[in-house]
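Notes follow once the structure below has been shown.
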Amino acid sequence: MQVVRCHRISSSNDVVVSTLPLYRSAPPLEVRLEDFELFAVDRLRVLKGISDGLSRGKKPEEIAKLAMDLWKANMRYPQATEDVNKDNISHFVLRLVYCRTEELRKWFLSMETALFRYRFHSESSEAQRALMSEFNLPYKAVSNAEFESVKDKLVQVARSMGQTLLPADAIFYKVPFEEVSELVAGRRVFIHKGHAYVAMNQVVSIVVTQFRSHLSKALILTNRKWTSTIREQEKDRLTPIVEALCTSYLGPDYSQPKEFAEISIKDIDQIAKTSFPLCMRHLFEKVREDHHLKHGGRMQLGLFLKGVGLKVDDALAFWKAEFAQKVVGAERFDKEYAYNIRHNYGREGKRTDYTPYSCQKVILSTPGVGDHHGCPYRHFSEENLRAALARMGVGSRIVEDVIDKARNRHYQLACTLTFEAVHGSSCDAGINHPNQYFIESQKILQSKNGSMAQ
Amino acid sequence: MTKDEVENGRDDMLIDGPEQANAVPDGFNANYLRIYYGKLFPHADIFKWMSYGNDGKHPACDKSYIGRREFSFTLENDIYIRFQSFNSASELENSIKEKCPFKIDIGPVYSVDPAKRHAYAQSGDNVFTPVERELVFDIDITDYDDVRYCCTGADVCLECWPLMTIAIKVIDTALRDDFGFNHILWVYSGRRGVHCWVCDGKARRLTNEQRAAIADYFRVYQGNENSNKKISLPGHVLHPFLARSYTEVLKGFFEAKLLSNQNLLSSEERYEKILEMIPDGSVAAELRGRWQEKKRSSMLKNDINVVRWEQLKHALQSGKQKAQGLRRCVEEIVFSFTYPRLDMEVSKHMNHLLKAPFCVHPKTGRVCVPIDPNNCDEFDPTKVPTLSQLLEELNRGGLRQDAEDEWDRTSLGESVTFFRSSFLHPLLKSCKEEIESSYNTKLQQAKNTLSW
Ligand SMILES: [Zn+2]
């Protein structure tokens, strides 16, 4: 059994006051390689669930509940100590996974911070206080004399929020207002000369800010370590896992066409028009137009077509017919391209490389000059996106909604809106995968055709 | 003749003869503006301000600082040039004089020179991003159209200007007392409102999230076309900030000025708007009955608005109306008619542009002069110098060559002097201190690392 050794600190078995770790240092544990990946995937389910909830505009209470439910469903063991291990390990694995670009860091940072907030909130007040002291915050509790001098104002703030009186043992912390933005925004603190007076039951705000800034710095450091040493050292063990995890998509992988298997070449143009998501439709039109596609585009479209149900021989015929028209002769096609196409079909399931790309992977791709792959909602200019949407028959009002979503980086929501506009029916699950788009589209079209036939 | 000379933008007109011939026709045009930029606009002061002490000789000065600031110009034909940057006062001055912009906007300080952003964009990874920006506020009288009856839209007069005075007082006090900021510049926007620039180092370095938090702290107004009550103040008591604003500013202005200025309770149509805000129908009905009846009777001496307001307060706050909601209603009415209405988006984002002080508003010809928050009651937007007035003053004072600066010969002098003494000099002093202390801290840290 392969073992990953994380750096070892003497672990003491002190009484655990809180089960909520602050992830200050990598866990002093030995981890089996399978667990390394499994734990990370489980945590990813929680974070992605939160992310989905947020991007669908759920209310804070709903997300809090959702987060705790997801946590229970994915991260709990019968034994509490194992929980903590899994919590720690999965967090540190995902740090490696999500440290590598600005965009990944940003996403991970917001989701981990949100998760931490909800978990902190559900702790007992003793546990909260203990966590607070672990942060070594430079803030002191307000002294008695100072408390007396501002007591009227503090009472006034409490009453303005519908609370009655300050408890006798009220503890307040004096904190730069910048560090408790949400309390400032809601006028839930007394602010004087740049300092906010934060009540004990509001410290979640301070703690979350601290957690966030600590994690933000840690991710930068992890990234440095990753590029300078870890990636190379672990190139045969962890590196492939880490690299696969960040584009890993947790739904069905669509590598085996099921419901609408068998698409023949003669139907493909029609189907592309009605049921391909914009990313694939664009690639498809480009290959028809230019009779060529660069590697990234061939992979993205080729694997999608495999998922759609285009047989390997048809795929070969399709690509050959296009490529042979231009630069590439038939001979060169057989030599250079055919192998890859067969290869994509030959290998099934196991590694993400040969499964159709999920939205996440498409969105995170980095098309360069001459490339047509990627997610149009992310990689197209606004102008081009507008034009492309208009060609798909999306009405101008919806186009604005879609553009707005894209601008706010909700690319999948933008795609979902497009789907709904094109098909005239809602898509509650949201679009997570180009092949899912295709299947949902076919379902709708077939039911329409069916009802017309009757 | 002087008129022609001004319109031709010739400089030698200034030494022209007798006073009555110096009249410069009202208006705004490129020629007037060219003379203004040539002789009056305080280029060097604006540059000093935007440098925040980094143009000094101290080793800790950030020489790249000013060159990363975005300036944008709107030219005569609405041509808009964004992302310009200047490395010296003379570069800035020459460019302004040459392009003669109808409007100059100031944007954020970016991570790299905004004029060269494309070169950096190619190296990937989003290096072109705003890193500093004053905390700014924009308050516009057009947002108050539902609570003023004297003018609408972009018009403003002395009857409704107190709404701006209120905004300055409320926001300025909170920025200083609550948030602890010291370097705050208020500027007349030239037509229909005021701008505020908070320039303390820690204000410039606020994140968007922190800016939004401050903007939200100030937000009370909830515009909703479908409800009669435009303001809702929940809770048993007001937050200290709102309570202070109410007792120190809003209440006084409402009762002493706006009530009568705007005739808020004089006609049925107007008092109905206020009665609609009272949640208890019977109280509203009682007041309505009284006011309809006594339309013309007695009270010749007293302003009818004031009399009715006292009646309304009595009805809502008297002993039998102990209910919290009704007592709060008086405050809600006052807030609705007085509380500052900020353009939130301007304050929330670092990369929002804002017009530079001392620009001239093309529609009014008035200069965007600073307003002293301590004497903002006296500020009169109708007396703000206009471009033509300034040129006329230049002409008239033409023979007085002894004045140190051209603007000292005009009514702009007072504004420039105020800008320097009340804002720029104290600001630069603390910038210098900040630069020195951060340098000393770094030195200290360097020593500490060496001794390890
Ligand atoms: Zn007016």
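Owing to the predicted nature of the structure, the values given are computational and were not obtained by experimental measurement. A, B, ... follow the sequence lines: proteins, then strands. Residue 1 opens every chain.
Within 6.0 Å of atom CD in B:Glu436, more than 12 heavy atoms from other residues, nucleotides or ligands are found, so the atom counts as buried in its surroundings. Environment of CD in A:Glu382: crowded, with over 12 heavy atoms of neighbouring residues, nucleotides or ligands closer than 6.0 Å. Open room surrounds NZ on B:Lys251; 12 or fewer heavy atoms of other groups in view lie less than 6.0 Å from it. For A:Arg224, the CZ atom sits in a loose shell: 12 or fewer heavy atoms of surrounding residues, nucleotides or ligands are nearer than 6.0 Å. Crowding of A:His214 atom NE2: a count of heavy atoms from other residues, nucleotides or ligands under 6.0 Å exceeding 12. More than 12 heavy atoms of other shown residues, nucleotides or ligands fall within 6.0 angstrom of atom NZ in B:Lys348.
Taken from CZ in B:Phe241 to CD1 in A:Ile191, the straight-line distance is 9.5 Å, to the nearest 0.5 Å. From B:Asp178, atom CG reaches atom CZ of A:Phe177 across 10.0 Å, with rounding to the nearest 0.5 Å.
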Side chain to side chain contact (heavy atoms under 4.5 Å, CB included) between A:Arg187 and B:Asp216, worked out: CA-CA 8 Å; A:Arg187 281 196 299 265; B:Asp216 282 335; over 6 Å; no

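Using a 4.5 Å cut-off between heavy atoms, A:Val150 makes no contact with chain B at all. Contact of B:Leu175 with chain A is not made at all, since no heavy-atom distance falls under 4.5 Å. With a 4.5 Å cut-off on non-hydrogen atoms, B:Leu238 touches chain A through its backbone but not through its side chain.
Interface check for chain B: of the options A:Ser181, A:Pro176, A:Ala196, A:Gly162, the most heavy-atom pairs under 4.5 Å are formed by A:Ser181.
A donor-acceptor pair is defined here as one N or O able to donate and one able to accept, closer than 3.5 Å; such a pair exists between the side chain of B:His239 and the backbone of A:Val189.
The minimum heavy-atom distance linking A:Glu178 with B:Gln210 is given by the pair O-NE2, 3.0 Å. Minimum interatomic distance between A:Val184 and B:Ala213 (heavy atoms only, all atoms of both residues): CG1-O, 3.8 Å.
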